[in-house]
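Heads up, the thing below is written out as structure tokens.
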Amino acid sequence: MSGNIGSFWGFLQKVWRTPLYYTVNKYVNCNELRYGTLVGRDSAGNEYYENDDYFLGRNRWVQYHRPNWVILKSDPSEVPPEWHRWLHHMTDDTPVDLPPVERKFHMEHQANMTLNFKDRYVPSTTTKPKIEAWNPNAPVAPKIDA
């Protein structure tokens with residue numbers, strides 16, 4: 001049997017060896033049951049898997065460390081750039097096999113904070129608005145007759 005779960009025997013082996021929590025977690029995040037080899041973990045605890053029984057483009061995936069159970073989606077910006085390269089087949093070397101070169105201008109990876117109201121970036125402006133709203137209670141400027 002092939003398709004979303006690869007071979008039936010491999011699927012049964014994976015279900016037998018994994019706890020029920022991980023199976024349910026993967027089904028909630030991926031909407032399918034997958035099995036594969038763990039190729040590495042990043043600093044946030046996300047796990048990266050690969051299974052060449054699946055077709056190209058679906059054979060690599062990430063299992064998030066803390067999935068968002070409220071909206072049942074995880075944020076893809078949690079994936080660091082070096083693992084993003086591997087997930088999208090830009091390279092076949094994982095960051096575990098070939099670590100990225102450390103450069104002094106590189107910053108520590110952070111997820112997108114847009115939905116986190118406490119930590120999000122809100123730009124401030126120092127320029128005067130081009131259009132001012134009409135205020136009916138404002139004093140009327142005197143007319144100058146020339």
Side-chain angles (χ1 to χ4, degrees), residues 1-139 141:
M1 179 175 157
S2 63
N4 286 346
I5 59 172
S7 69
F8 184 69
W9 178 248
F11 171 72
L12 288 180
Q13 286 178 340
K14 183 63 177 179
V15 169
W16 183 258
R17 281 186 268 151
T18 15
L20 183 62
Y21 166 76
Y22 290 113
T23 307
V24 170
N25 188 7
K26 284 184 183 184
Y27 185 74
V28 166
N29 285 322
C30 301
N31 290 333
E32 61 186 358
L33 294 173
R34 290 181 169 188
Y35 72 95
T37 3
L38 177 67
V39 293
R41 288 185 177 91
D42 63 8
S43 58
N46 300 329
E47 298 177 343
Y48 298 88
Y49 292 91
E50 183 175 29
N51 185 349
D52 288 330
D53 290 342
Y54 301 118
F55 57 88
L56 188 66
R58 300 284 292 170
N59 63 339
R60 296 176 181 175
W61 67 93
V62 59
Q63 184 66 36
Y64 294 102
H65 176 63
R66 295 178 189 202
N68 190 341
W69 293 98
V70 178
I71 57 175
L72 299 179
K73 291 206 178 214
S74 295
D75 189 11
S77 71
E78 294 175 6
V79 175
E82 56 270 9
W83 282 103
H84 179 268
R85 275 186 329 150
W86 178 79
L87 278 173
H88 291 272
H89 297 276
M90 294 178 191
T91 180
D92 287 332
D93 299 323
T94 66
V96 174
D97 299 336
L98 183 67
V101 178
E102 291 294 325
R103 304 190 194 270
K104 58 181 169 181
F105 56 83
H106 282 182
M107 297 172 57
E108 187 67 29
H109 176 72
Q110 291 182 352
N112 188 355
M113 295 293 173
T114 303
L115 295 178
N116 188 353
F117 290 107
K118 185 180 76 171
D119 297 330
R120 70 180 177 170
Y121 171 73
V122 179
S124 61
T125 181
T126 58
T127 60
K128 185 179 177 185
K130 293 181 180 179
I131 300 174
E132 294 183 18
W134 176 66
N135 185 0
N137 299 326

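Owing to the predicted nature of the structure, the values given are computational and were not obtained by experimental measurement.
- Under the rule for a ring pair (Phe, Tyr, Trp, His ring centres under 6.0 Å), the partners of His88 that lie at least two apart in sequence or sit in another chain are His84.
- Between the CE atom of Met90 and the CZ atom of Arg85 there is a distance of 9.0 Å, given to the nearest 0.5 Å.
- In this structure, Tyr48 and Trp86 have perpendicular ring planes: the angle between them is above 60°, well past the 30° mark.
- If you take CD on Glu78 and CG on Asp42, they are separated by 9.0 Å, rounding to the nearest 0.5 Å.
- We find the CG-CZ distance between Asp92 and Arg60 to be 5.0 Å, quoted to the nearest 0.5 Å.
- Under the rule for a salt bridge (charged side-chain N to carboxylate O under 4.0 Å, His left out), the partners of Glu132 that lie at least two apart in sequence or sit in another chain are Lys128.
- In this structure, Trp61 and Tyr49 have parallel ring planes: the angle between them is below the 30° cut-off, well short of the 60° mark.
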Result block: side-chain N/O donor-acceptor pairs under 3.5 angstrom for residues 96-111, not counting sequence neighbours:
residue	atom	partner	partner atom	Å
Asp97	OD2	Thr94	OG1	3.2
His109	NE2	Ser77	O	2.9
His109	NE2	Val79	O	3.4

